[in-house]
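Letters A, B, ... are given to chains in the order of the sequence lines, protein chains preceding strands, and every chain is numbered from 1. In what follows, every heavy atom counts, from backbone to side chain, and hydrogens, waters and symmetry copies are set aside. All values reported here derive from a predicted model rather than from experimental measurement.
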2 protein chains.
Amino acid sequence: MYAEPLYAQQIANIAPAPAVFPPHIGTGDDLPLDVGQVMHFARGEEIFGQGERADCLYKVVSGWVRSYRILRDGRRQIEGFHLAGEYFGIETDDSHHCSAEALGPATVLVVRRSVLNELATRRGNIATTLFRLAMQGLQRSREHIAMLSHKSACERVAGFLLDMAERADAVKALDLPMSRQDIADYLSLTIETVSRTLSQLQADGLIDIPRSRNIVLRDRLALEDMCE
Amino acid sequence: MYAEPLYAQQIANIAPAPAVFPPHIGTGDDLPLDVGQVMHFARGEEIFGQGERADCLYKVVSGWVRSYRILRDGRRQIEGFHLAGEYFGIETDDSHHCSAEALGPATVLVVRRSVLNELATRRGNIATTLFRLAMQGLQRSREHIAMLSHKSACERVAGFLLDMAERADAVKALDLPMSRQDIADYLSLTIETVSRTLSQLQADGLIDIPRSRNIVLRDRLALEDMCE
DNA sequence: CGTCGGGTTGAACTGCATCAATATAGGTGG
DNA sequence: CCACCTATATTGATGCAGTTCAACCCGACG
């Protein structure tokens with residue numbers, strides 16, 4: 001038995017809200033942990049699959065998650081990496097347009113749309129939150145387009161490292177939970193190019209790579225310049 | 001004097017709606033012409049500019065519109081072309097992230113957010129419509145990413161022609177209102193590559209180019225295969 | 001110690017960008 | 001109507017960034 005599809009008319013069905021918008025005001029509202037079920041996923045385990053009915057919304061509690069799409073030609077496009085506090089699995093319609101997997105052991109808050117729906121009728125700011133989350137996805141997509149449309153391999157990799165460092169709150173040492181293949185599929189490069197570019201950045205003294213998934217940002221400014 | 005920013009809490013502020021979602025059902029609801037002002041723009045005229053306050057929503061009545069962004073390095077990224085019946089200028093926050101210009105003479109319905117806001121409190125399906133429109137933008141962005149992430153110049157151009165033909169309801173003869181530079185900036189190619197690719201498609205008998213902006217699709221199936 | 005998955009490095013190729021020249025179409029004024 | 005001008009578009013020649021194919025390396029784990 002499935003929940004009703006959420007969003008449009010769900011958001012349309014809610015009572016007048018305290019109205020805190022535009023988002024830059026920072027409402028701070030968030031989904032409480034008790035609205036859903038906290039689930040654990042093992043490394044590589046699928047959280048949901050492309051095409052499956054989308055009757056839940058997800059939030060990373062701990063660990064990392066990747067969401068990706070298999071394109072018609074069989075290539076994998078990684079749409080994004082999600083870490084603690086970030087939401088994923090928000091859909092336009094009633095089925096998932098991408099799959100999501102745990103990069104490593106991860107705990108995820110799973111919220112049924114039906115529950116959200118009910119909640120939203122009582123607390124309008126939840127609808128606001130949902131809308132904002134959906135719009136954040138749009139924002140990220142636009143940045144992805146800007147990246148793909150004109151950035152070189154070097155700019156992509158440098159930008160990726162900075163983005164990861166910022167989101168993981170890493171000042172210098174950065175532990176990447178994803179493989180080179182994951183990075184390549186996210187940046188739309190080949191695994192070889194990613195590897196070569198990282199080696200080059202190391203040779204230039206911008207980063208250090210003590211172990212393959214452990215990267216130290218030696219010259220953050222230079223990396224930032226590189227991304228323009 | 002400016003209107004209130006719309007969207008999130010506006011959508012949150014509306015009364016229960018007839019609830020026809022998901023969108024594939026096709027609600028057919030739409031903004032009536034009398035909710036806004038119909039304005040005329042000359043070829044190349046700016047409708048709104050990147051960074052300007054976004055207090056209106058736009059719908060093409062006749063003609064074509066391009067929306068684009070100037071990136072930090074000065075390059076122009078065309079986000080999309082809009083034709084009669086299509087909406088544009090829907091924003092995440094309260095300022096426009098892109099500019100919009102009329103490709104040729106165009107009439108555009110301009111709806112103030114404040115008016116929409118008022119309207120939405122009375123007719124919930126307007127909020128549904130707005131949300132759907134915003135989500136369509138997300139959908140299109142994802143397709144753009146898929147295109148940029150792995151398609152060759154040839155696939156991009158072929159896909160572009162088919163897309164344009166479909167949206168303009170052109171069975172065979174297709175009148176493109178945009179320049180080669182526009183196409184290039186949309187597909188993230190150079191003007192030379194676009195031109196060369198079109199010439200190649202013509203040489204292969206897939207299309208015919210009687211005049212540069214007039215293209216005849218001779219072998220639609222082959223073009224479709226190409227995009228796969 | 002061997003094996004296996006993930007990562008790195010090398011060499012050759014290629015598709016698109018770049019630079020440069022030429023062609024064509026619209027528009028304007030004589 | 002033609003001559004001219006500027007925009008836009010096409011075509012050619014060359015270079016290079018990133019892909020592809022292939023070999024090798026390294027660390028984890030039996």
Undergrad: Counting only side-chain N and O atoms of B:Ser195, is one of them less than 4.0 Å from OP1 or OP2 of D:dA9?
TA: no

Undergrad: Between A:Arg211 and D:dG27, is there a contact of a side-chain N or O with OP1 or OP2 at under 4.0 Å?
TA: no

Undergrad: For the residue pair B:Gln77 / B:Asp185, report whether a side-chain donor-acceptor contact shorter than 3.5 Å exists.
TA: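 There is no such pair between these side chains.
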
Undergrad: Any N or O donor-acceptor pair linking the side chain of B:Glu192 to the base of C:dC19 at under 3.5 Å?
TA: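 For B:Glu192, whose side chain was compared with the base of C:dC19, there is a donor-acceptor pair (under 3.5 Å).
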
Undergrad: Of the listed nucleotides (D:dG18, C:dG6, D:dT8), which one gets closest to any side-chain atom of A:Arg213?
TA: C:dG6

Undergrad: Counting Watson-Crick and G-U wobble pairs only, both distances under 3.5 Å, name the nucleotide matched with D:dA7, or none.
TA: none

Undergrad: With a 6.0 Å cut-off (strictly less than), is the heavy-atom count around CD of B:Glu52, excluding the residue itself, greater than 12?
TA: yes

Undergrad: Look at the side-chain N and O atoms of B:Arg156 and state whether any lies under 4.0 Å from the OP1 or OP2 oxygen of C:dC16.
TA: no

Undergrad: Hey, is the side chain of A:Ser212 poking within less than 4.0 Å of OP1 or OP2 on D:dG27, counting only N and O atoms?
TA: no

Undergrad: Is D:dA7 in the syn or the anti form, by the rule that syn lies within 90° of 0?
TA: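 Base orientation relative to the sugar is syn.
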
Undergrad: Tell whether B:Arg196 reaches the base of D:dG12 with its side chain through a donor-acceptor pair below 3.5 angstrom.
TA: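 Result: at least one qualifying N/O pair found.
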
Undergrad: Which base sits across from C:dT24 as a Watson-Crick or G-U pair, both distances under 3.5 Å?
TA: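 Answer to the pairing question: none, since C:dT24 forms no Watson-Crick or G-U pair.
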
Undergrad: Tell me, yes or no, whether the heavy-atom count around A:Glu224 atom CD, taken from other residues, nucleotides or ligands under 6.0 Å, exceeds 12.
TA: yes

Undergrad: Go through D:dT11, C:dT8, C:dA17 for me and flag the one nearest to the A:Arg180 side chain.
TA: C:dT8

Undergrad: Any side-chain N or O of B:Thr190 under 4.0 Å from OP1/OP2 of C:dA17?
TA: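 So the side-chain polar atoms of B:Thr190 do come within 4.0 Å of the phosphate oxygens OP1 or OP2 of C:dA17, strictly under.
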
Undergrad: Looking at A:Arg43, I want to see if its CZ is surrounded by more than 12 non-hydrogen atoms of other residues, nucleotides or ligands under 6.0 Å.
TA: no

